[in-house]
*Asks:* 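Sending over a structure as structure tokens; questions will come in a sec.
Naming convention: chains lettered A, B, ... in sequence-line order (proteins, then strands); numbering from 1 in each chain.
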Number of protein chains: 2
Amino acid sequence: MQQSPLAPLTKKTLSDIARESLSRYIGQMLNAGQTKLPSEVELARILSVSRTTIRRALTDLEGKGTIMRIHGKGTFINPNLNQMKLDLYTGHDYYQLIRKSGFEPGVKVLSRVVQEASPLQRSDLGLKEDDQILALNKVYYADEKPCLLCINYFPQTLYDWDTLSDEVLEAFPFELIQEYAGIRCVRDSTEITTAGGNEVMAYTMGEDLLQCDSLLILDSIYYDNNNTPVFLSKTYFNTDYIKFTMIRAIEQI
Amino acid sequence: MQQSPLAPLTKKTLSDIARESLSRYIGQMLNAGQTKLPSEVELARILSVSRTTIRRALTDLEGKGTIMRIHGKGTFINPNLNQMKLDLYTGHDYYQLIRKSGFEPGVKVLSRVVQEASPLQRSDLGLKEDDQILALNKVYYADEKPCLLCINYFPQTLYDWDTLSDEVLEAFPFELIQEYAGIRCVRDSTEITTAGGNEVMAYTMGEDLLQCDSLLILDSIYYDNNNTPVFLSKTYFNTDYIKFTMIRAIEQI
DNA sequence: AAGTGGTCTAGACCACGTC
DNA sequence: ACGTGGTCTAGACCACTTG
């Protein structure tokens with residue numbers, strides 16, 4: 001069932017390459033104390049691509065909060081860039097999240113339990129009654145202090161999870177799913193709620209791992225490219241360590 | 001100082017119109033039990049626009065979670081559309097937010113206080129020492145139960161706020177700022193954190209208005225089109241009433 | 001092979017800001 | 001008047017899915 005461990009099939013578009021090139025350029029500009037980027041036509045000429053491609057790259061960077069475009073004036077580096085640490089939209093990779101927040105990341109598998117799927121989980125995953133799921137509890141550390149708790153719910157039928165060691169299960173769930181079940185997840189649907197700090201104790205054998213009075217919760221359903229639900233995840237963030245930031249355009253009426 | 005109350009300057013692009021038309025069409029499809037949209041070239045032909053314009057409209061709808069596109073197969077209505085109530089990216093209008101959550105919205109001004117700006121507020125707003133701000137506390141109701149608390153911080157110099165009644169101040173801060181200060185805000189920078197339920201009591205005269213053990217906090221800085229900070233807002237959400245949802249694409253490595 | 005969405009191009013025109 | 005970003009077009013080719 002295992003796929004080839006080779007080649008995660010990197011396939012970059014021209015605008016991806018342009019975006020990365022622009023990112024590097026912006027880093028140099030910051031060091032040089034500059035704030036205004038060349039015009040779009042100028043960038044297109046320099047990089048030898050069409051203006052459309054440049055605009056796509058710039059739109060991506062704008063969405064990430066790296067730059068700001070002002071109609072009639074130009075494109076500028078976001079002056080608050082240093083404060084813009086994490087955006088929700090690329091918040092899947094907890095290791096990067098913790099590192100970008102300025103801490104040294106770590107992870108440990110707390111427990112793995114095969115259990116009956118709840119009615120809501122059955123509905124989310126399209127399971128039948130009596131179907132079982134593997135609940136995988138992981139805690140992530142920032143500078144060796146627990147900062148987030150993540151629970152993944154995999155359908156038991158996806159793979160024979162017992163054969164995998166804790167070390168393997170510490171990887172990202174996407175990678176596990178792709179590597180061992182041969183399924184590639186391409187999107188998720190995530191709900192944002194909160195909870196009191198004591199809610200996670202049930203998952204940590206009564207131990208108050210995340211010592212804070214409130215938690216940010218992201219509840220996600222992950223889908224493959226056929227829009228079939230693959231697995232669930234529920235993550236509790238201590239927002240003392242992990243602060244998400246975003247740039248929002250205000251819709252004019 | 002007051003601007004003309006006429007004409008909020010609606011200016012729709014072709015893709016905006018196409019998006020709205022598609023939205024209505026999708027509503028009809030849902031009633032008819034259909035899930036697959038016509039192809040992009042077909043839609044472009046029907047609406048007499050270029051495929052680029054259609055794709056822009058579809059990309060907007062995809063970002064809002066209305067539709068899902070599958071390469072090689074087609075464009076489909078998101079089967080979970082009914083559950084996708086609120087997205088963070090259009091979360092400025094609390095009245096709509098509450099209504100979309102299935103409640104009847106209401107609002108009340110709790111208090112308005114002129115006070116010294118804190119060092120952080122001065123930094124965010126580019127104020128000088130000793131500059132004062134107006135702190136405007138508002139509570140929003142869902143079916144007459146308090147569900148969110150919003151505090152706006154306006155620089156005192158923007159307008160003579162004392163001349164405005166509580167009823168006027170119940171409007172959206174953008175509208176206030178545009179109407180009375182003649183400034184149009186075009187974007188914000190927002191940080192997401194959480195707090196225990198008792199944190200808001202300081203703003204509500206000791207009364208526990210939002211009765212819950214944890215709160216979602218959005219801290220925003222609003223900017224005009226010159227990227228100048230205009231005002232701040234801090235909003236506490238009771239996530240029992242207001243649940244945000246989002247669709248995220250997973251970056252392939 | 002046919003149909004679908006994804007990317008890219010070259011060029012046009014518009015709207016906004018500055019001089 | 002000029003430079004900038006914003007929108008739109010028509011057409012080409014590519015990548016994925018299905019028959």
Side-chain angles (χ1 to χ4, degrees), chain A residues 9-22 35-63 66-78 183-184 186-187 223-228 249-252, chain B residues 9-22 35-63 66-78 183-184 186-187 223-228 249-252:
Chain A
L9 269 172
T10 309
K11 182 180 32 179
K12 287 181 182 173
T13 64
L14 246 189
S15 46
D16 285 337
I17 299 169
R19 188 187 64 240
E20 290 163 6
S21 177
L22 286 170
T35 60
K36 187 176 189 298
L37 274 74
S39 74
E40 295 179 349
V41 282
E42 182 75 0
L43 288 172
R45 192 187 58 73
I46 296 173
L47 297 182
S48 298
V49 295
S50 72
R51 192 178 153 216
T52 309
T53 301
I54 285 293
R55 278 186 61 76
R56 173 135 195 188
L58 290 173
T59 300
D60 290 347
L61 291 173
E62 191 178 27
T66 308
I67 58 165
M68 293 184 160
R69 295 196 271 194
I70 303 182
H71 194 174
K73 294 181 74 174
T75 304
F76 305 85
I77 298 177
N78 179 1
I183 297 173
R184 169 172 291 200
V186 297
R187 67 177 135 248
Y223 296 91
D224 68 8
N225 66 355
N226 284 313
N227 204 25
T228 304
I250 295 171
E251 283 183 11
Q252 303 299 337
Chain B
L9 268 172
T10 311
K11 182 180 34 180
K12 288 180 182 171
T13 65
L14 245 188
S15 46
D16 286 336
I17 299 170
R19 189 187 64 240
E20 291 163 5
S21 177
L22 285 170
T35 60
K36 186 175 191 297
L37 273 73
S39 74
E40 295 180 350
V41 282
E42 182 74 2
L43 288 172
R45 194 186 57 74
I46 296 173
L47 296 182
S48 298
V49 294
S50 74
R51 191 179 154 215
T52 310
T53 302
I54 285 293
R55 277 186 61 77
R56 172 135 195 191
L58 289 173
T59 300
D60 290 347
L61 291 173
E62 191 179 28
T66 307
I67 59 166
M68 293 185 160
R69 296 196 269 194
I70 303 182
H71 194 174
K73 295 179 75 172
T75 304
F76 304 85
I77 298 177
N78 178 0
I183 297 174
R184 170 172 290 200
V186 298
R187 67 177 134 248
Y223 297 91
D224 68 9
N225 65 355
N226 283 313
N227 204 26
T228 305
I250 295 171
E251 281 183 13
Q252 305 299 337

*Asks:* Under the side-chain contact (heavy atoms from CB on, under 4.5 Å) test against A/Ser15, which residue among A/Ile54, A/Thr53, A/Leu58 passes?
*Replies:*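 It is A/Thr53, the one option of A/Ile54, A/Thr53, A/Leu58 that forms the side-chain contact (heavy atoms from CB on, under 4.5 Å) with A/Ser15.
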*Asks:* Want to settle it: does A/Gly72 or A/Asp16 sit nearer the 5' end of DNA chain C, counting the closest nucleotide to each?
*Replies:*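 The residue mapped nearer the 5' terminus is A/Asp16.
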*Asks:* When you check the gap from the basic side-chain N to the acidic O, do B/Glu40 and B/Arg69 get nearer than 4.0 Å?
*Replies:*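 Yes, B/Glu40 and B/Arg69 are salt-bridged.
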*Asks:* Tell me which nucleotide among D/dG5, C/dG6, D/dT9 gets nearest to the side chain of B/Ser50.
*Replies:*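 Among the listed nucleotides, the one closest to the side chain of B/Ser50 is D/dT9.
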*Asks:* Nearest to the side chain of B/Leu14 - D/dT4, D/dC8, D/dT18?
*Replies:*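 Nucleotide nearest to B/Leu14's side chain: D/dC8.
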*Asks:* Need to verify one output field. Residue with the more 5' nearest nucleotide on DNA chain D, A/Arg51 or B/Ser48?
*Replies:*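 Result: A/Arg51.
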*Asks:* Side chains of B/Arg56 and B/Thr13 only: does a donor on one sit below 3.5 Å from an acceptor on the other?
*Replies:*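 Judged by distance alone, the side chains do not pair up.
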*Asks:* Examine C/dC8: is either OP1 or OP2 under 4.0 Å from a nitrogen or oxygen in the side chain of A/Ser15? Give yes or no.
*Replies:*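 Yes, because at least one side-chain N or O of A/Ser15 sits under 4.0 Å from OP1 or OP2 of C/dC8.
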*Asks:* Take the protein atom CG of A/Leu22 and the nucleotide atom P of D/dG5, then report the distance between them rounded to whole Å.
*Replies:*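 It works out to 12 Å between those atoms.
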*Asks:* Within the 4.0 Å heavy-atom criterion, would you say B/Thr13 contacts the bases, only the backbone, or no part of the nucleic acid?
*Replies:*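 Sugar-phosphate: the residue B/Thr13, judged by heavy atoms under 4.0 Å, touches backbone atoms but no base.
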*Asks:* Report which part of the nucleic acid B/Arg56 touches: base, sugar-phosphate, or nothing (heavy-atom distance under 4.0 Å, all strands).
*Replies:*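 Sugar-phosphate contact only - B/Arg56 comes under 4.0 Å of backbone atoms but never of a base.
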*Asks:* Which whole-number value in Å describes the distance from A/Ile54 CD1 to D/dT4 C1'?
*Replies:*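 So the CD1-C1' distance, A/Ile54 to D/dT4, works out to 15 Å.
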*Asks:* I want to verify a distance call: between C/dC8, C/dG5, D/dT9, whose nearest atom is closest to the B/Thr52 side chain?
*Replies:*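 Selected nucleotide (nearest to the side chain): D/dT9.
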*Asks:* A/His71 on top of D/dG6's base, within under 5.5 Å and under 30°?
*Replies:*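 One would not call A/His71 stacked on the D/dG6 base.
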*Asks:* Going from CG on B/Leu37 to OG1 on B/Thr75, what distance comes out if it is rounded to the nearest 0.5 angstrom?
*Replies:*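 That separation rounds to 6.0 Å.
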*Asks:* Roughly, in whole Å, what's the span from CZ in A/Arg45 to C1' in D/dG3?
*Replies:*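 Checked: the CZ to C1' distance equals 15 Å.
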*Asks:* B/Glu40 CD to D/dG11 P: how many Å, rounded?
*Replies:*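 Between P of D/dG11 and CD of B/Glu40: 17 Å.
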*Asks:* Identify whether any heavy atom of A/Ile70 sits under 4.0 Å from a base atom; if not, whether one sits that close to sugar-phosphate; answer base, sugar-phosphate or nothing.
*Replies:*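 Answer is sugar-phosphate: A/Ile70 comes under 4.0 Å of backbone atoms only.
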*Asks:* Choosing from C/dT18, D/dG5, C/dG6, which nucleotide comes nearest the side chain of A/Arg69?
*Replies:*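 Of the candidates, D/dG5 comes closest.
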*Asks:* Run the numbers on B/Arg55 and B/Ser50 for side chain to side chain donor-acceptor pair (under 3.5 Å), then give the verdict.
*Replies:* CA-CA 9 Å; B/Arg55 277 186 61 77; B/Ser50 74; over 6 Å; no
*Asks:* Separation of A/Arg55 atom CZ from C/dC14 atom C1', in whole Å?
*Replies:*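 Between C1' of C/dC14 and CZ of A/Arg55: 12 Å.
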*Asks:* Compare every heavy atom of B/Ala57 with every heavy atom of B/Leu22, then report the nearest pair and how far apart it is.
*Replies:*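 Of all heavy-atom pairs spanning B/Leu22 and B/Ala57, the closest is CD1-CB, 4.0 Å.
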*Asks:* Between B/Lys73 and D/dT18, is there a contact of a side-chain N or O with OP1 or OP2 at under 4.0 Å?
*Replies:*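 Indeed, a polar side-chain atom of B/Lys73 lies that close.
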*Asks:* Could you work out which one of D/dT9, D/dC16, D/dG5 sits closest to the side chain of B/Thr53?
*Replies:*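 The listed nucleotide nearest to B/Thr53's side chain is D/dT9.
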*Asks:* Could you state the atom-to-atom distance from CZ of B/Arg184 to P of C/dG17 in whole Å?
*Replies:*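 Rounded to whole Å, this separation is 10 Å.
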*Asks:* Rounding to a whole Å, what distance do you find between B/Met68:CE and C/dT4:P?
*Replies:*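 Answer to the nearest Å: 21 Å.
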*Asks:* Once you apply a heavy-atom cut-off of 4.0 Å, does A/Val49 come out as touching a base, just sugar-phosphate, or nothing?
*Replies:*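 Answer is sugar-phosphate: A/Val49 comes under 4.0 Å of backbone atoms only.
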*Asks:* Whole-Å distance between C/dC16 C1' and B/Asp224 CG?
*Replies:*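 Interatomic distance, CG of B/Asp224 to C1' of C/dC16: 14 Å.
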